[in-house]
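Letters A, B, ... are given to chains in the order of the sequence lines, protein chains preceding strands, and every chain is numbered from 1.
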Number of protein chains: 2
Amino acid sequence: MDPHLLRTFVTVAECGSFSAAASRLGYTQSAVSQHIAALENDLGTPLLSRRPVVPTASGERLLEHAGPILLRLDAARADVRRTVADPPSTLTVAASPLAARSLASRLAEVRRSHPGTELALTVCGRAEVVEGVAAGTFVLGLTDGITAPTDPLHLSDAVHLHTTATSEEDLAVALPKSHPLASRRGLSLGDLVDARWIDAPDLAAPLTALRAAAGSDALHPAITYNGTDLHTLLALIEAGHGLAVLPRSAVTEDLAAVALTNPRLVHRTELVRTDLATPAAKSLAATFSNHQ
Amino acid sequence: MDPHLLRTFVTVAECGSFSAAASRLGYTQSAVSQHIAALENDLGTPLLSRRPVVPTASGERLLEHAGPILLRLDAARADVRRTVADPPSTLTVAASPLAARSLASRLAEVRRSHPGTELALTVCGRAEVVEGVAAGTFVLGLTDGITAPTDPLHLSDAVHLHTTATSEEDLAVALPKSHPLASRRGLSLGDLVDARWIDAPDLAAPLTALRAAAGSDALHPAITYNGTDLHTLLALIEAGHGLAVLPRSAVTEDLAAVALTNPRLVHRTELVRTDLATPAAKSLAATFSNHQ
DNA sequence: GGCTATTACGGAAATCGTAACCATG
DNA sequence: CATGGTTACGATTTCCGTAATAGCC
């Protein structure tokens, strides 16, 4: 199970096509075909059904492992490189959209205390934050998500990264002020199974997470927002397209924010970091452990 | 970073010798030398200092990742094989020594409810339990360890295995009845920094774990017992070689068992399993979730 | 028939063993 | 000088691209 083979396997599975994966990886169709054949031969079972190209049951199982393995391989390389390369002059930080809100002021503080360091801030998806930190692209990352109070976020199981909680905040259901439920003191997910939902999985609490927390499959999106801009989401809510679950502080005055009381969930943001860091990185990380 | 190269790297690091690793792996010295050279060339830094053969700082970092990666690779293969192979007729179970105590009666129950199945019980080290389950050698495993109450055990970070707590039990300091502290109602680790300790890392709470929990480096072993037989350890304690921390139920009447009150720790045993299982395996697992 | 995966084949590269070489204790 | 890691070199295998073949909408 050569990592190269695993990599083409996951790429093919993602693309749903041998030729697309080939061009993405810089191989020929033929090479990709041979890679898959080699893997299937090694494991003694078909991993993909062809035409359409879809993972078999065995392929699904392999996919669950392949990603984490590849990620950890990258992490290992990055970790070793870090012991030999001299510390980077620019502080690369990543954050998921909601987690990024708390970053501007802290970065300003770093700029003051460490005038020499260049800063690079990347806002990207929650998975990319963790993967980027693991792979060494970022020295520091902030992710957010919902969990039960004091429970850690369920990050990728691939890498044992240092993670520390930086804040927990109450969740609120964001509604237009004219919404019949807007005057409620608290809401439970059970009250909302028939509501119109906006699923904004890259920004707010993803509906899949809420379903898992509620133990119900009932929540269905009236509209999906595949974007990361908070103002756009709030505008969609205000326009009556539906409601969403957000950390209370993310809901502006134009909207009603009703506490989500049941199940008991919080919005948690966590700091993910590589083990070593420049003084600037350390001082940024310290910003979090001090203020809270 | 070919898995083969990683494997020879960890083997060399374990053996402290190229030639020993070569014979263990069925390679030539030369091949091993080439493997290491290839790795060092790929990563651009020496991984081992020669004569004596010891990992460099970079090598240490790589070692932290290599084991888990290799383990997960095995887990992937086993997971895929399980989807294609027909379910095994013999129920292979592993347990660490202290965890194994609760197994005999439960296995008898399985034998009653599933008369056809053959049983295979392996008692081995805690790491081997987890690794064996990950690699598919065992369908089910029981490990034990000490943690703060309700905290999960810190198993290998390599594999995301299904783990469920099966029991938590108070810890006790096992002492000869004649020991001056034997009459105490409770003891804290702080009281015991100057005591004579028996370190039995494969059986009782390892001193390293206690040190980490106490936040002190003071605990030093007067004797180390590298074995897994509880009676032998208890005899050592009774003979006055030192004391050890055990789950209360493991300490027999011949000895004094004083509750360990500070820090607040428990002896926890966890069930580790592969995701699928035969009916017999399911019923064995159910034995644990039912009884508590 | 067009699109896409597979197979056949050949050149380049990698792998591993034999054996000569070298360094350290 | 002997033990043990390194280097040189060659046979074998593997890998990947070109090109021809085959299978599904």
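With rounding to the nearest 0.5 Å, the separation of OH in B:Y27 from CD in B:Q34 is 11.0 Å.
If you measure from atom CG of A:L47 to atom C1' of C:dA5, you get 16 Å, rounded to the nearest angstrom. Rounded to an integer number of Å, the gap from B:H4 NE2 to D:dT13 C1' is 14 Å. A straight line from CG of B:N41 to P of C:dA14 spans 11 Å, rounded to a whole angstrom. In this structure, the CD1 atom of A:I36 is 9 Å from the P atom of C:dT6, given to the nearest Å. To the nearest angstrom, P of D:dT14 lies 18 Å from CE of A:M1. Atom pair B:E40:CD and D:dT6:C1' shows a separation of 12 Å (rounding to whole Å applied). Between the CD atom of B:Q29 and the P atom of C:dA20 there is a distance of 15 Å, given to the nearest Å. Atom CZ in B:R50 sits about 12 Å away from atom C1' in D:dG4, given to the nearest Å.
A close approach under 4.0 Å does not occur between any side-chain nitrogen or oxygen of B:Y27 and OP1 or OP2 of C:dG17. B:H35 has a side-chain polar atom (N or O) that falls below the 4.0 Å cut-off from OP1 or OP2 of C:dC16. Checking the phosphate oxygens (OP1, OP2) of D:dG5, no side-chain nitrogen or oxygen of B:S33 falls inside 4.0 Å.
Checking D:dG5, C:dT7, D:dC16 against the side-chain heavy atoms of A:S30 singles out C:dT7 as nearest. Residue A:R51 places its side chain closer to C:dA5 than to any other of C:dA5, C:dA23, D:dG17. Set against C:dT6, D:dT18, D:dG5, the side chain of A:T28 has D:dT18 as its closest nucleotide. Comparing atom distances between the A:V53 side chain and each of D:dT6, D:dC16, C:dA5 picks out C:dA5 as nearest. For A:A31, the listed nucleotide lying nearest its side chain is D:dG17; candidates were D:dG17, D:dG5, C:dA5. Taking only side-chain atoms of B:Q34, from C-beta outward, the nucleotide of D:dC16, C:dC16, C:dT24 with the closest atom is C:dC16. Side-chain atoms of B:S19 lie closest to D:dG4 of the nucleotides D:dT6, D:dG4, C:dA5.
Counted by atom type alone, B:D202 and B:T228 present zero donor-acceptor pairs between their side chains at under 3.5 Å.
Closest-nucleotide positions on DNA chain C for A:F18 and B:L5 were compared, and the one nearer the 5' end corresponds to A:F18. Place A:D2 and B:S17 on DNA chain D by their nearest nucleotides, and B:S17 ends up nearer the 5' end.
A salt bridge is absent between A:R77 and A:D74; no separation between the charged side-chain nitrogens and carboxylate oxygens falls under 4.0 Å. A salt bridge is defined here as a Lys NZ or Arg NE, NH1 or NH2 lying under 4.0 Å from an Asp or Glu carboxylate O, and A:E40 with A:R50 meets this definition.
Proximity of a side-chain donor or acceptor of B:T163 to a complementary backbone N or O of B:L271 within less than 3.5 Å is not detected.
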